[in-house]
Amino acid sequence: DQQKASWREFAAHSEKLKDVRTRRFEYGRFSLALQFNPGRIKSTAAPLDPDAINGRRCFLCQEHLPGEQKGILYRGSYIILCNPYPIFPGHLTIAHRQHQPQAIEKEFIALLRLAEDFGPDHLVFYNGPQCGASAPDHLHFQGSPKGLMPIEQNLLHAGSPFDRKRIDGTDITRFHGFGREIVMLEGREISEVAAVMGRFCDVMKQVLHRT
């Protein structure tokens with residue numbers, strides 16, 4: 001609310017969310033949502049080639065943030081910011097205080113702690129540098145209110161078929177019939193889940209390298 005009152009650009013883009021059009025597509029066990037959101041064109045159409053990245057100022061570094069943009073320090077390492085080009089109300093960007101590449105391998109615990117601290121009413125997510133992130137050169141997560149992404153409801157009512165294994169206190173579930181690969185990791189201890197996430201990513205790198 002403070003940012004909407006003091007940051008004109010953010011307030012304007014937030015207001016444009018009222019004009020966003022969404023079409024939902026059903027495919028049996030899963031659904032997809034197509035969003036027409038002209039307010040995000042500056043972010044979604046940003047060039048991501050190395051020359052473009054190296055030739056612009058990083059917009060997630062604290063010294064380059066707009067003067068009106070304010071943040072909340074999180075656990076000494078991250079800054080929680082209102083996303084100036086929101087996909088939905090309450091869209092947050094959680095940027096590392098240090099400029100470093102968008103890489104998850106050493107930040108599994110940070111991601112899981114964010115999910116725990118934000119609580120069950122919010123979703124925390126990560127886009128890899130080649131998966132649509134407009135800042136592949138600066139480590140960041142994103143947050144949103146729960147229930148806004150179709151995949152959440154898809155998994156909630158997934159049922160079978162699926163494969164499940166338990167490794168070091170963590171349940172690993174692979175779902176079938178969703179049009180893309182979905183693997184879910186669940187556990188009670190952050191350190192245990194983070195360790196299994198690390199092993200899982202190492203294996204995936206080997207598999208992708210072979211293919």
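Treat the numbers as computed from the prediction; the structure is a model and nothing was measured. Throughout, residue positions are numbered sequentially from 1 according to the sequence presented. Heavy atoms only: backbone and side chains are in, while hydrogens, waters and symmetry mates are out.
With sequence neighbours excluded, the residues forming a side-chain contact (heavy atoms from CB on, under 4.5 Å) with Met204 are Phe200, listed by chain and number. When the side-chain contact (heavy atoms from CB on, under 4.5 Å) test is applied to Pro89, the partners found at least two apart in sequence or on another chain are Leu17.
Each salt bridge (charged side-chain N to carboxylate O under 4.0 Å, His left out) pair with one or both residues in residues 157-170, not counting sequence neighbours, appears once here: Arg166-Asp171, Asp168-Arg199. Residues in residues 69-87 take part in these salt bridge (charged side-chain N to carboxylate O under 4.0 Å, His left out) pairs, two or more places apart or across chains: Arg75-Asp117. Residue pairs meeting the salt bridge (charged side-chain N to carboxylate O under 4.0 Å, His left out) criterion with at least one member in residues 23-38, sequence neighbours excluded: Arg24-Glu26. Applying the salt bridge (charged side-chain N to carboxylate O under 4.0 Å, His left out) test to pairs two or more places apart or on separate chains, those with a residue in residues 178-195 are Arg174-Glu181.
Grouping the Ile, Leu, Val, Met, Phe, Trp and Tyr side chains by contacts below 4.5 angstrom, directly or via other members, places Ile72 apart from Leu60. Ile104 and Leu208 fall into different hydrophobic clusters, defined by Ile, Leu, Val, Met, Phe, Trp and Tyr side-chain heavy atoms under 4.5 Å apart, directly or through other members. Under the 4.5 Å side-chain heavy-atom criterion for Ile, Leu, Val, Met, Phe, Trp and Tyr, Phe118 and Ile87 are members of distinct hydrophobic clusters. There is no path of hydrophobic side-chain contacts, each under 4.5 Å, that joins Phe125 to Ile80. Placement of Leu81 and Tyr85 in two distinct hydrophobic clusters is found when ILVMFWY residues are connected by side-chain heavy-atom separations under 4.5 Å, directly or transitively.
With hydrogens and angles ignored, the 3.5 Å screen pairs a side-chain donor or acceptor of Asn37 with a backbone N or O of Pro86. Put simply, the side chain of Glu152 never gets that close to the backbone of Lys146: no donor and acceptor are under 3.5 Å apart. Without hydrogens or angle criteria, Gln69 side chain to Asn83 main chain gives no donor-acceptor distance under 3.5 Å.
Here the straight-line distance linking atom CZ of Arg21 with atom CD of Gln35 works out to 11.5 Å at 0.5 Å rounding. If you take CE on Met197 and CD1 on Ile172, they are separated by 10.5 Å, rounding to the nearest 0.5 Å. Taking CG of Leu114 as the reference point, atom CD1 of Ile94 lies at 5.0 Å (rounded to 0.5 Å). In this structure, CG on Leu155 lies 12.5 Å from CE on Met149, to the nearest 0.5 angstrom. We find the CD1-CG distance between Ile79 and Leu65 to be 8.5 Å, quoted to the nearest 0.5 Å. Atom-to-atom distance recorded for Glu107:CD and Leu139:CG is 5.0 Å, nearest 0.5 angstrom.
Residue Pro84 comes nearest to His13 through the heavy atom pair O-ND1, 2.8 Å, listed as atom of the first residue, atom of the second, then distance. Across His140 and Ala95, no two heavy atoms sit closer than the pair CB-CA, 3.9 Å. Counting all heavy atoms, side chain and backbone alike, Val193 lies closest to Gly187 at CG2-CA, 3.6 Å. Residues Cys201 and Phe108 share a closest heavy-atom pair of SG-CZ, 3.6 Å. The minimum heavy-atom distance between Arg56 and Ala135, with the atom names listed, is NH2-CA, 4.0 Å. Summarising the geometry of Phe30 relative to Gly177, their closest heavy-atom pair is CD2-O, 3.4 Å, with the distance given to 0.1 Å.
When side chains are defined from C-beta on, Lys106 does not count as touching Gln100, because their heavy atoms never get closer than 4.5 Å. A heavy-atom distance below 4.5 Å is not found between the side chains of Asn154 and Ile182.
Under the 6.0 Å cut-off for aromatic ring centres, Phe88 and His91 qualify, their centroids lying closer than that.
In summary, of the residues considered (Lys4, Arg8, Gln2), a side-chain hydrogen bond (donor to acceptor under 3.5 Å, both in side chains) with Ser6 occurs for Gln2 alone.
Using cut-offs of 30° and 60° for the angle between ring planes, the His96 and Tyr78 rings count as perpendicular.
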